[in-house]
Amino acid sequence: MDNRGFVHIICATLLVGITGVLAACDVEGKGPPFIAGDHPVTEGQIRQRLQSEGYSNIQIVHQGETFAATGSKDGATGSIVVDAQSGRLVPEGENDDD
């Protein structure tokens, strides 16, 4: 194999590696899926999911690119923030829509 072929193999390997790292970084900042599918979600879908998990007194507010939801279960109140475009949970402290 000549030097030119070796350089092409090294460049292709680096390109594949960089693409993998970029893909991992893109997913890293996102929370786990709350509504499966990585597609836009509705208030109704979020309400239905919370009800199926046993929550009541559910309140949902659309805030820019997110939905903020609160509800009661077993005497305790919980809250989540869901990305409206992906259906993924927004990790605490990452909601910039306040």
Side-chain angles (χ1 to χ4, degrees):
M1 178 185 312
D2 65 355
N3 286 342
R4 188 181 286 178
F6 183 69
V7 169
H8 283 112
I9 291 172
I10 295 296
C11 288
T13 303
L14 286 173
L15 181 60
V16 169
I18 290 170
T19 302
V21 168
L22 291 175
C25 290
D26 185 44
V27 173
E28 189 174 293
K30 298 179 183 177
F34 185 68
I35 305 291
D38 276 337
H39 54 76
V41 297
T42 65
E43 178 181 334
Q45 288 173 300
I46 295 168
R47 184 177 306 281
Q48 183 177 16
R49 168 76 189 271
L50 290 170
Q51 287 173 335
S52 73
E53 292 183 6
Y55 285 88
S56 60
N57 301 321
I58 299 167
Q59 296 180 357
I60 301 173
V61 178
H62 192 195
Q63 301 175 327
E65 296 180 4
T66 62
F67 286 101
T70 60
S72 301
K73 181 178 178 180
D74 300 328
T77 300
S79 63
I80 58 169
V81 177
V82 179
D83 184 308
Q85 295 304 307
S86 68
R88 290 180 172 273
L89 292 174
V90 176
E92 273 188 57
E94 289 190 25
N95 184 13
D96 295 333
D97 293 335
D98 293 334

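Listed by chain and residue number, Ser56, Asn57, Thr77 satisfy the side-chain contact (heavy atoms from CB on, under 4.5 Å) test with Ser72 (two or more places apart in sequence, or in another chain). Gln59 meets the side-chain contact (heavy atoms from CB on, under 4.5 Å) test with Thr70; sequence neighbours excluded.
Closest of all the heavy-atom pairs between Phe67 and Glu43 is CZ-N, 3.7 Å. Annotation for Arg49 and Ile35: closest pair CB-CD1, 4.0 Å, computed over non-hydrogen atoms. Between Pro91 and Gly31, the closest heavy-atom pair is CD-N, 4.0 Å. When all heavy atoms are compared, the tightest approach of Gln45 to Pro40 is OE1-O, 4.1 Å.
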Do Ile46 and Phe34 pass the side-chain contact (heavy atoms from CB on, under 4.5 Å) test, and can you show the C-alpha distance, the side-chain angles, and the key distance before you say yes or no?
-> CA-CA 8 Å; Ile46 295 168; Phe34 185 68; 4.0 Å; yes

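For the atom pair Lys73 NZ and Glu53 CD, the distance stands at 6.0 Å (nearest 0.5 Å). If you take CG on Leu50 and CD1 on Ile58, they are separated by 4.5 Å, rounding to the nearest 0.5 Å. The OG1 atom of Thr42 sits 10.0 Å away from atom CZ of Arg47, with the distance rounded to the nearest 0.5 Å. In this structure, OG1 in Thr66 is found 11.0 Å from CD1 in Ile80, a value given to the nearest 0.5 Å. Separating the CG atom in Asp83 from the CZ atom in Arg88 is a distance of 9.0 Å, to the nearest 0.5 Å.
Val81 and Tyr55 are members of different hydrophobic clusters when ILVMFWY side chains are connected at heavy-atom separations under 4.5 Å.
Taking 4.5 Å as the limit, some side-chain heavy atom of Val82 sits within range of a side-chain heavy atom of Val41.
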